[in-house]
Number of protein chains: 2
Amino acid sequence: MSEIRTSLSIGQVAERTGLSVHALRFYEREGLFVNDVRRGPGGRRVYSEDDVDWLTVCIILRASGMPLPALRRYADLVREGAGNEEERLRLMREHYEHVTAQIGRLTQSLDLIRFKVGVYEDLVDQGSVSARQCHAPSLSAGEERTPLLRHEAVVE
Amino acid sequence: MSEIRTSLSIGQVAERTGLSVHALRFYEREGLFVNDVRRGPGGRRVYSEDDVDWLTVCIILRASGMPLPALRRYADLVREGAGNEEERLRLMREHYEHVTAQIGRLTQSLDLIRFKVGVYEDLVDQGSVSARQCHAPSLSAGEERTPLLRHEAVVE
DNA sequence: GGTTGATCTAGAGCCGAGTCTAGTTCCTAG
DNA sequence: CTAGGAACTAGACTCGGCTCTAGATCAACC
(Lines give C-alpha, C1' and ligand atoms only; values in the text may rest on other atoms or scores of the structure.)
Protein backbone atom coordinates (compact mmCIF):
# COMPACT_ATOMS: atom_id res chain seq x y z
CA MET A 1 0.00 0.00 0.00
CA SER A 2 2.68 2.48 0.94
CA GLU A 3 5.00 2.70 -2.04
CA ILE A 4 8.61 3.58 -1.62
CA ARG A 5 8.39 7.33 -2.02
CA THR A 6 11.35 9.05 -3.53
CA SER A 7 12.86 11.44 -1.09
CA LEU A 8 14.85 14.41 -2.24
CA SER A 9 17.42 16.71 -0.75
CA ILE A 10 16.98 20.45 -0.82
CA GLY A 11 19.54 20.66 -3.58
CA GLN A 12 17.66 18.20 -5.73
CA VAL A 13 14.41 20.02 -5.20
CA ALA A 14 16.10 23.29 -6.07
CA GLU A 15 17.41 21.80 -9.27
CA ARG A 16 14.05 20.29 -10.16
CA THR A 17 11.92 23.32 -9.42
CA GLY A 18 14.28 26.10 -10.39
CA LEU A 19 13.89 27.65 -6.96
CA SER A 20 17.07 28.35 -5.02
CA VAL A 21 17.81 26.46 -1.83
CA HIS A 22 17.49 29.80 -0.11
CA ALA A 23 14.04 30.29 -1.55
CA LEU A 24 13.01 26.81 -0.45
CA ARG A 25 13.98 27.50 3.13
CA PHE A 26 12.38 30.89 2.90
CA TYR A 27 9.11 29.40 1.62
CA GLU A 28 9.17 26.97 4.48
CA ARG A 29 9.63 29.73 7.04
CA GLU A 30 6.77 31.55 5.37
CA GLY A 31 4.52 28.57 5.90
CA LEU A 32 3.94 27.89 2.24
CA PHE A 33 4.24 24.14 2.52
CA VAL A 34 1.13 22.07 3.05
CA ASN A 35 3.03 19.26 4.73
CA ASP A 36 5.75 20.04 7.17
CA VAL A 37 9.01 19.31 5.49
CA ARG A 38 10.42 16.15 7.04
CA ARG A 39 13.93 15.98 8.39
CA GLY A 40 16.46 13.28 7.83
CA PRO A 41 19.46 12.35 9.96
CA GLY A 42 21.48 15.41 10.83
CA GLY A 43 18.39 17.58 10.64
CA ARG A 44 18.48 17.81 6.87
CA ARG A 45 15.32 18.48 4.94
CA VAL A 46 13.78 15.59 3.11
CA TYR A 47 11.28 16.40 0.39
CA SER A 48 8.79 14.09 -1.28
CA GLU A 49 7.44 14.16 -4.80
CA ASP A 50 4.27 15.60 -3.31
CA ASP A 51 6.24 18.53 -2.02
CA VAL A 52 7.63 19.08 -5.47
CA ASP A 53 4.12 18.87 -6.94
CA TRP A 54 2.90 21.43 -4.47
CA LEU A 55 5.87 23.66 -5.22
CA THR A 56 5.03 23.43 -8.88
CA VAL A 57 1.61 24.81 -8.09
CA CYS A 58 3.16 27.51 -5.92
CA ILE A 59 5.50 28.51 -8.70
CA ILE A 60 2.66 28.86 -11.15
CA LEU A 61 0.59 30.87 -8.73
CA ARG A 62 3.56 33.08 -7.93
CA ALA A 63 4.36 33.49 -11.60
CA SER A 64 0.84 34.73 -12.11
CA GLY A 65 1.31 37.32 -9.41
CA MET A 66 -0.24 35.73 -6.35
CA PRO A 67 1.40 37.38 -3.36
CA LEU A 68 2.98 35.25 -0.66
CA PRO A 69 0.29 36.00 1.94
CA ALA A 70 -2.41 34.68 -0.39
CA LEU A 71 -0.32 31.66 -1.16
CA ARG A 72 0.17 31.05 2.53
CA ARG A 73 -3.56 31.41 3.08
CA TYR A 74 -4.16 28.84 0.40
CA ALA A 75 -1.63 26.47 1.90
CA ASP A 76 -3.31 26.92 5.27
CA LEU A 77 -6.67 25.98 3.79
CA VAL A 78 -5.34 22.90 2.06
CA ARG A 79 -3.49 21.87 5.20
CA GLU A 80 -6.68 22.23 7.19
CA GLY A 81 -8.29 19.60 4.99
CA ALA A 82 -11.77 19.18 3.60
CA GLY A 83 -14.54 21.53 4.56
CA ASN A 84 -13.24 24.89 3.40
CA GLU A 85 -13.65 24.44 -0.33
CA GLU A 86 -15.84 27.53 -0.59
CA GLU A 87 -13.00 29.63 0.67
CA ARG A 88 -10.47 27.99 -1.59
CA LEU A 89 -12.86 28.63 -4.42
CA ARG A 90 -13.17 32.29 -3.47
CA LEU A 91 -9.42 32.62 -3.27
CA MET A 92 -8.88 30.99 -6.65
CA ARG A 93 -11.63 32.98 -8.30
CA GLU A 94 -10.21 36.17 -6.94
CA HIS A 95 -6.83 35.27 -8.30
CA TYR A 96 -8.42 34.32 -11.59
CA GLU A 97 -9.90 37.80 -11.81
CA HIS A 98 -6.56 39.37 -11.03
CA VAL A 99 -4.80 37.41 -13.70
CA THR A 100 -7.37 38.07 -16.41
CA ALA A 101 -7.34 41.75 -15.48
CA GLN A 102 -3.58 41.77 -15.74
CA ILE A 103 -3.67 40.06 -19.11
CA GLY A 104 -6.17 42.69 -20.19
CA ARG A 105 -3.91 45.51 -19.10
CA LEU A 106 -0.91 43.99 -20.80
CA THR A 107 -2.84 43.42 -23.98
CA GLN A 108 -3.94 47.04 -23.96
CA SER A 109 -0.41 48.23 -23.37
CA LEU A 110 0.64 46.10 -26.27
CA ASP A 111 -1.38 48.35 -28.56
CA LEU A 112 0.81 51.32 -27.74
CA ILE A 113 3.96 49.28 -27.91
CA ARG A 114 3.06 47.81 -31.27
CA PHE A 115 2.21 51.27 -32.51
CA LYS A 116 5.58 52.60 -31.40
CA VAL A 117 7.41 49.72 -32.97
CA GLY A 118 5.57 50.55 -36.18
CA VAL A 119 6.50 54.21 -35.96
CA TYR A 120 10.15 53.47 -35.45
CA GLU A 121 10.20 50.83 -38.16
CA ASP A 122 8.90 53.44 -40.58
CA LEU A 123 11.38 56.03 -39.39
CA VAL A 124 14.26 53.63 -39.66
CA ASP A 125 13.19 52.56 -43.14
CA GLN A 126 12.89 56.16 -44.28
CA GLY A 127 16.16 57.10 -42.61
CA SER A 128 18.13 54.36 -44.31
CA VAL A 129 17.00 55.72 -47.68
CA SER A 130 17.34 59.45 -47.10
CA ALA A 131 20.53 59.02 -45.13
CA ARG A 132 22.55 58.44 -48.25
CA GLN A 133 21.05 61.50 -49.93
CA CYS A 134 21.30 64.00 -47.15
CA HIS A 135 22.80 63.97 -43.71
CA ALA A 136 19.90 65.90 -42.24
CA PRO A 137 16.68 63.90 -42.25
CA SER A 138 13.70 65.24 -44.12
CA LEU A 139 12.00 66.51 -40.99
CA SER A 140 13.45 69.28 -38.87
CA ALA A 141 14.46 68.69 -35.29
CA GLY A 142 11.48 70.70 -34.13
CA GLU A 143 9.01 68.69 -36.13
CA GLU A 144 10.56 65.42 -35.20
CA ARG A 145 9.52 65.16 -31.62
CA THR A 146 6.18 66.81 -31.43
CA PRO A 147 4.13 64.71 -33.85
CA LEU A 148 5.53 61.64 -32.16
CA LEU A 149 4.46 62.85 -28.77
CA ARG A 150 1.12 63.91 -30.10
CA HIS A 151 0.39 60.47 -31.44
CA GLU A 152 1.93 58.76 -28.51
CA ALA A 153 -0.89 59.60 -26.18
CA VAL A 154 -3.47 58.17 -28.57
CA VAL A 155 -3.70 54.63 -27.38
CA GLU A 156 -6.92 53.42 -28.92
CA MET B 1 1.69 79.96 -34.24
CA SER B 2 2.51 79.39 -30.61
CA GLU B 3 -0.79 78.55 -28.96
CA ILE B 4 -1.40 79.40 -25.37
CA ARG B 5 -0.30 76.15 -23.81
CA THR B 6 -2.08 75.10 -20.69
CA SER B 7 0.28 74.89 -17.79
CA LEU B 8 -0.42 72.64 -14.89
CA SER B 9 0.70 72.41 -11.30
CA ILE B 10 2.10 69.21 -9.90
CA GLY B 11 -1.16 68.61 -8.10
CA GLN B 12 -3.16 68.91 -11.29
CA VAL B 13 -0.83 66.55 -13.10
CA ALA B 14 -1.09 64.11 -10.24
CA GLU B 15 -4.85 64.22 -10.42
CA ARG B 16 -4.85 63.83 -14.19
CA THR B 17 -2.38 61.01 -14.41
CA GLY B 18 -3.13 59.13 -11.24
CA LEU B 19 0.49 59.38 -10.19
CA SER B 20 1.21 60.87 -6.78
CA VAL B 21 3.02 64.19 -6.47
CA HIS B 22 5.77 62.20 -4.81
CA ALA B 23 6.00 59.92 -7.80
CA LEU B 24 6.13 62.88 -10.17
CA ARG B 25 9.07 64.40 -8.34
CA PHE B 26 10.66 61.00 -8.12
CA TYR B 27 10.27 60.43 -11.87
CA GLU B 28 11.88 63.79 -12.49
CA ARG B 29 14.85 62.95 -10.29
CA GLU B 30 15.13 59.68 -12.16
CA GLY B 31 15.40 61.54 -15.43
CA LEU B 32 12.23 60.13 -16.92
CA PHE B 33 11.05 63.38 -18.42
CA VAL B 34 11.96 64.20 -21.97
CA ASN B 35 11.72 67.93 -21.41
CA ASP B 36 13.06 69.46 -18.26
CA VAL B 37 10.13 70.38 -16.12
CA ARG B 38 9.81 74.16 -16.16
CA ARG B 39 9.61 76.16 -12.98
CA GLY B 40 7.22 78.97 -12.20
CA PRO B 41 7.63 81.78 -9.71
CA GLY B 42 8.63 80.44 -6.34
CA GLY B 43 10.39 77.51 -7.97
CA ARG B 44 7.20 75.53 -8.48
CA ARG B 45 6.97 72.97 -11.19
CA VAL B 46 4.97 73.89 -14.25
CA TYR B 47 3.89 71.06 -16.52
CA SER B 48 2.59 71.24 -20.07
CA GLU B 49 0.12 69.02 -21.83
CA ASP B 50 3.08 67.46 -23.59
CA ASP B 51 4.46 66.43 -20.25
CA VAL B 52 1.17 64.80 -19.42
CA ASP B 53 1.15 63.03 -22.78
CA TRP B 54 4.62 61.74 -22.14
CA LEU B 55 3.64 60.63 -18.65
CA THR B 56 0.73 58.76 -20.15
CA VAL B 57 3.18 56.82 -22.27
CA CYS B 58 5.39 56.24 -19.26
CA ILE B 59 2.46 54.93 -17.27
CA ILE B 60 1.56 52.46 -19.98
CA LEU B 61 5.12 51.27 -20.33
CA ARG B 62 5.44 50.94 -16.56
CA ALA B 63 2.12 49.11 -16.36
CA SER B 64 3.44 46.65 -18.86
CA GLY B 65 6.49 46.04 -16.72
CA MET B 66 9.15 48.23 -18.25
CA PRO B 67 11.68 48.90 -15.50
CA LEU B 68 12.67 52.47 -14.68
CA PRO B 69 16.17 52.17 -16.15
CA ALA B 70 14.73 51.17 -19.51
CA LEU B 71 12.22 53.96 -19.34
CA ARG B 72 15.01 56.39 -18.55
CA ARG B 73 17.01 55.06 -21.46
CA TYR B 74 14.05 55.61 -23.73
CA ALA B 75 13.56 59.14 -22.42
CA ASP B 76 17.24 59.81 -23.04
CA LEU B 77 16.92 58.67 -26.62
CA VAL B 78 13.86 60.78 -27.30
CA ARG B 79 15.51 63.77 -25.63
CA GLU B 80 18.54 63.30 -27.82
CA GLY B 81 16.36 63.82 -30.85
CA ALA B 82 16.31 62.25 -34.28
CA GLY B 83 19.03 59.85 -35.35
CA ASN B 84 18.71 57.06 -32.84
CA GLU B 85 15.51 55.49 -34.09
CA GLU B 86 17.18 52.12 -34.52
CA GLU B 87 17.93 52.03 -30.84
CA ARG B 88 14.46 53.15 -29.88
CA LEU B 89 13.14 50.44 -32.13
CA ARG B 90 15.34 47.85 -30.47
CA LEU B 91 14.21 48.99 -27.06
CA MET B 92 10.54 48.86 -27.99
CA ARG B 93 10.85 45.53 -29.71
CA GLU B 94 12.58 44.10 -26.69
CA HIS B 95 9.83 45.35 -24.48
CA TYR B 96 7.29 43.98 -26.90
CA GLU B 97 8.87 40.57 -26.53
CA HIS B 98 8.82 40.83 -22.77
CA VAL B 99 5.18 41.75 -22.70
CA THR B 100 4.06 39.03 -25.06
CA ALA B 101 6.12 36.52 -23.11
CA GLN B 102 4.48 37.69 -19.93
CA ILE B 103 1.03 37.41 -21.44
CA GLY B 104 1.97 33.91 -22.51
CA ARG B 105 3.04 32.95 -19.03
CA LEU B 106 -0.09 34.40 -17.50
CA THR B 107 -2.29 32.65 -20.02
CA GLN B 108 -0.59 29.37 -19.20
CA SER B 109 -1.00 29.92 -15.50
CA LEU B 110 -4.63 30.61 -16.15
CA ASP B 111 -5.02 27.00 -17.23
CA LEU B 112 -4.13 25.76 -13.79
CA ILE B 113 -6.18 28.42 -12.08
CA ARG B 114 -9.22 27.65 -14.18
CA PHE B 115 -8.74 23.98 -13.47
CA LYS B 116 -8.60 24.62 -9.75
CA VAL B 117 -11.64 26.82 -9.84
CA GLY B 118 -13.42 23.96 -11.61
CA VAL B 119 -12.31 21.44 -9.03
CA TYR B 120 -13.51 23.56 -6.15
CA GLU B 121 -16.76 24.39 -7.87
CA ASP B 122 -17.43 20.69 -8.19
CA LEU B 123 -16.45 20.01 -4.60
CA VAL B 124 -18.63 22.83 -3.32
CA ASP B 125 -21.57 21.67 -5.41
CA GLN B 126 -21.19 18.12 -4.16
CA GLY B 127 -20.70 19.30 -0.62
CA SER B 128 -23.84 21.40 -0.56
CA VAL B 129 -25.86 18.32 -1.52
CA SER B 130 -24.24 15.71 0.70
CA ALA B 131 -23.86 18.16 3.55
CA ARG B 132 -27.53 17.89 4.43
CA GLN B 133 -27.35 14.12 4.39
CA CYS B 134 -24.18 13.57 6.30
CA HIS B 135 -21.80 15.82 8.13
CA ALA B 136 -18.76 13.99 6.87
CA PRO B 137 -18.25 14.41 3.14
CA SER B 138 -18.24 11.36 0.92
CA LEU B 139 -14.46 11.22 0.70
CA SER B 140 -12.27 10.52 3.71
CA ALA B 141 -9.77 13.05 4.97
CA GLY B 142 -6.95 10.93 3.64
CA GLU B 143 -8.38 10.68 0.18
CA GLU B 144 -9.29 14.31 0.05
CA ARG B 145 -5.91 15.87 -0.32
CA THR B 146 -3.91 13.44 -2.32
CA PRO B 147 -5.93 13.24 -5.54
CA LEU B 148 -6.08 16.99 -5.55
CA LEU B 149 -2.37 17.27 -5.26
CA ARG B 150 -1.86 14.59 -7.84
CA HIS B 151 -3.94 16.44 -10.35
CA GLU B 152 -2.62 19.78 -9.32
CA ALA B 153 0.71 19.23 -10.90
CA VAL B 154 -0.86 18.32 -14.22
CA VAL B 155 -1.02 21.64 -15.93
CA GLU B 156 -1.59 20.69 -19.53
C1' DG C 1 -1.34 90.00 9.66
C1' DG C 2 -2.61 85.29 10.27
C1' DT C 3 -4.21 80.92 8.69
C1' DT C 4 -4.71 77.49 5.17
C1' DG C 5 -3.14 74.61 1.83
C1' DA C 6 -0.06 73.57 -1.92
C1' DT C 7 4.60 73.23 -2.99
C1' DC C 8 9.61 72.90 -2.29
C1' DT C 9 14.21 69.99 -1.03
C1' DA C 10 16.85 66.37 0.91
C1' DG C 11 16.79 62.38 2.66
C1' DA C 12 14.82 58.50 5.39
C1' DG C 13 11.61 54.63 5.39
C1' DC C 14 8.85 50.84 3.59
C1' DC C 15 7.31 46.66 1.27
C1' DG C 16 7.74 42.39 -1.19
C1' DA C 17 10.39 38.73 -2.30
C1' DG C 18 13.89 36.81 -1.98
C1' DT C 19 19.45 36.56 -1.53
C1' DC C 20 23.51 36.25 0.95
C1' DT C 21 26.69 35.71 4.99
C1' DA C 22 28.79 33.69 8.97
C1' DG C 23 29.74 30.20 11.56
C1' DT C 24 28.68 25.38 12.23
C1' DT C 25 27.63 20.51 11.33
C1' DC C 26 27.43 16.48 8.62
C1' DC C 27 28.54 12.92 5.05
C1' DT C 28 31.57 10.77 1.82
C1' DA C 29 35.88 9.69 -0.38
C1' DG C 30 40.86 9.29 -0.39
C1' DC D 1 42.31 11.62 9.59
C1' DT D 2 41.39 15.14 6.55
C1' DA D 3 39.46 17.63 2.90
C1' DG D 4 35.44 18.96 0.21
C1' DG D 5 30.98 19.72 -0.57
C1' DA D 6 26.22 20.09 0.95
C1' DA D 7 23.27 21.39 4.41
C1' DC D 8 21.97 23.80 8.80
C1' DT D 9 20.33 28.42 11.48
C1' DA D 10 19.65 33.23 12.38
C1' DG D 11 19.74 37.23 10.77
C1' DA D 12 21.55 41.03 7.75
C1' DC D 13 21.35 42.79 3.16
C1' DT D 14 19.54 43.91 -1.59
C1' DC D 15 16.65 45.85 -5.05
C1' DG D 16 12.90 48.18 -7.25
C1' DG D 17 9.71 51.49 -6.84
C1' DC D 18 7.85 54.37 -4.66
C1' DT D 19 6.11 56.90 -0.10
C1' DC D 20 6.66 59.70 3.75
C1' DT D 21 8.77 63.18 6.85
C1' DA D 22 10.71 67.46 8.29
C1' DG D 23 11.22 71.93 7.89
C1' DA D 24 10.88 75.84 4.83
C1' DT D 25 8.49 78.74 1.39
C1' DC D 26 4.76 80.68 -0.98
C1' DA D 27 0.04 82.28 -2.65
C1' DA D 28 -4.62 83.40 -1.43
C1' DC D 29 -8.09 84.72 1.33
C1' DC D 30 -10.34 86.86 5.57
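Being a predicted model, the structure only gives us computed values, none of them experimental.
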Requested in this report: Considering only NZ, NE, NH1 and NH2 on the basic side and carboxylate oxygens on the acidic side, decide whether B:Arg16 and B:Glu49 come within less than 4.0 Å.
Outcome: yes

**Report entry** Salt bridge present between A:Arg88 and A:Glu80 (N-O < 4.0 angstrom)
**Finding:**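 Salt bridge: no.
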
Between [N] atom [atom2] and [X] atom [atom1], what is the distance in whole Å?
X	N	atom1	atom2	result
A:Leu55	C:dG18	CG	P	12 Å
A:Tyr47	D:dA6	OH	C1'	13 Å
A:Phe26	C:dT21	CZ	P	17 Å
A:Arg72	C:dG18	CZ	P	12 Å
A:Glu30	D:dG11	CD	C1'	14 Å
B:Leu71	D:dG17	CG	P	9 Å
B:Leu61	D:dG17	CG	C1'	16 Å
A:His22	D:dA12	NE2	C1'	13 Å

Query raised in the report: Taking the nucleotide of DNA chain C with the closest heavy atom to each, which residue, B:Arg29 or A:Leu68, is nearer the 5' end?
Result: B:Arg29

Requested in this report: Would you mind telling me which residue lines up with the more 5' stretch of DNA chain C, A:Gly42 or A:Leu19, judged by nearest nucleotide?
Outcome: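 Checking each residue's closest nucleotide, the 5'-ward one belongs to A:Leu19.
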
Backbone N/O of [Y] and side chain of [X]: donor-acceptor pair under 3.5 Å:
X	Y	value
B:Arg44	B:Ser9	no
A:Asp51	A:Ser48	yes
A:Gln12	A:Ile10	no

Query - Exercise: do B:Gln108 and B:Arg105 side chains pair donor with acceptor under 3.5 Å - result: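 No, because no side-chain N or O of B:Gln108 sits under 3.5 Å from a partner of the opposite role on B:Arg105.
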
Query raised in the report: What are the residues of residues 97-106 of chain B, sorted by number, that bring a heavy atom to within less than 4.0 Å of DNA chain C?
Result: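 Those residues whose heavy atoms fall under 4.0 Å from DNA chain C, taken from residues 97-106 of chain B, amount to none.
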
Query raised in the report: Does the base of C:dA6 carry an N or O that pairs as donor and acceptor with the side chain of B:Arg44 under 3.5 Å?
Result: yes

Does [X] have a side-chain nitrogen or oxygen under 4.0 Å from the phosphate oxygens OP1 or OP2 of [N]?
X	N	answer
A:Arg62	C:dG18	yes
A:Arg39	D:dT9	yes
A:Ser9	D:dA6	no
A:Arg45	D:dT9	yes
B:Tyr27	D:dG17	no

Report task. Give me the ring orientation class for B:Tyr74 and A:Tyr120: parallel if the planes are under 30° apart, tilted from 30 to 60°, perpendicular past 60°. Result -> perpendicular

Report summary line: Of C:dA17, D:dG17, C:dC8, the nucleotide closest to the side chain of A:Pro69 is C:dA17

Report task. Under 4.0 Å between any heavy atoms, over every strand shown, what does B:Arg25 touch: base, sugar-phosphate, or nothing? Just pick one. Result -> base

Requested in this report: Decide if atom CD of A:Glu15 counts as having more than 12 heavy atoms of other residues, nucleotides or ligands within a radius under 6.0 Å.
Outcome: no

